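Step one of this worksheet: look at the structure below.
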Amino acid sequence: MNQRLLRLLPARLHDLLVELDGHRHITRSINSAKARGDQDALAVFHTGTLAAALTRKGMFRRGDEVLAYAQLVLAKDGTMHRYNALFTSDTNKGDLMAYPRFTLEPRWIDVDVTGWELTGETEAGDHVAECHELFHADDDNADIEAAMGWAEDIIGTRQDWLHVRERGFDRWEAGTRS
């Protein structure tokens, strides 16, 4: 046998195993979404792990399915959270990562009006997007507490809020979706 072929064989075999493992995790996430009743995943995904990893036709078909799913999710939800949750996984466990269900942020809600914006998704899958002027412009802590109370009234249940400061901006996140 050709010496060059023998040297390339382990690298090709390794690449094949990595490709199979990646598609196995994607298929596991897709099957999990289907089991949770994600109708878009049920309608779009049909290509199996072996076809996607081993055949050119399967690879292109899986790519088309991922694109179609992204377009459906964006059209229905108005966000890519469900898509991101499906394709962002812990590859060691294959479990979907949790994303905050609700986000509460101080924002400009009009040209000269600051306030709060609540965005998120209910358990039923309904999108929430609400704004409110500041509650206590002279007291930050009271304003934050009042905004959380207002958000919980809209959500309908008490939430455990996590403060996140990123690039100098504050937000509060509550609930998880996976």
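All values derive from a computational prediction rather than experimental measurement.
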Would one find more than 12 heavy atoms of other residues, nucleotides or ligands at under 6.0 Å from atom CG of Asp160? no
Hey, does Ile154 have a side-chain heavy atom less than 4.5 Å from the side chain of Val128? yes
Can you confirm whether the side chains of Glu105 and Trp172 place a donor and an acceptor under 3.5 Å from each other? no
Name each donor-acceptor pair under 3.5 Å that joins a side chain in residues 64-77 to protein atoms two or more places apart or in another chain, with its distance.
from: Glu65; atom 1: OE1; to: Thr47; atom 2: N; distance (Å): 3.4
from: Glu65; atom 1: OE1; to: Thr47; atom 2: OG1; distance (Å): 3.3
from: Glu65; atom 1: OE2; to: His46; atom 2: N; distance (Å): 3.2
from: Glu65; atom 1: OE2; to: Thr47; atom 2: N; distance (Å): 3.1
from: Glu65; atom 1: OE2; to: Thr47; atom 2: OG1; distance (Å): 2.7
from: Tyr69; atom 1: OH; to: Asp38; atom 2: OD2; distance (Å): 2.6
from: Lys76; atom 1: NZ; to: Asp40; atom 2: OD1; distance (Å): 2.7
from: Asp77; atom 1: OD1; to: Arg82; atom 2: NH2; distance (Å): 3.2
from: Asp77; atom 1: OD2; to: Arg82; atom 2: NE; distance (Å): 2.8
from: Asp77; atom 1: OD2; to: Arg82; atom 2: NH2; distance (Å): 3.2

Rounding to 0.5 Å, atoms CG (Asp143) and CG (Asn141) come to a distance of 9.5 Å
A side-chain contact here means heavy atoms from C-beta on lying under 4.5 Å apart; do Trp116 and Arg107 qualify? no
Do Leu20 and Met59 sit in the same hydrophobic cluster, where Ile, Leu, Val, Met, Phe, Trp and Tyr count as joined when their side-chain heavy atoms come under 4.5 Å apart? no
Would you tell me whether Thr27 and Arg62 have side-chain atoms, one donor and one acceptor, within less than 3.5 Å of each other? yes
If we count only N and O atoms by modelled type, under 3.5 Å, do the side chains of Thr119 and Glu117 hold a donor and an acceptor together? no
Would you confirm whether Lys34, through its side chain, and Phe45, through its main-chain N or O, come within 3.5 Å as a donor-acceptor pair? yes
Can the ring centroids of Trp150 and His132 be said to lie less than 6.0 angstrom from one another? yes
Any Val113 side-chain heavy atom under 4.5 Å of Trp108 side chain: no
Please check if any side-chain donor atom of Ser32 sits under 3.5 Å from a side-chain acceptor atom of Arg36, or the reverse. yes
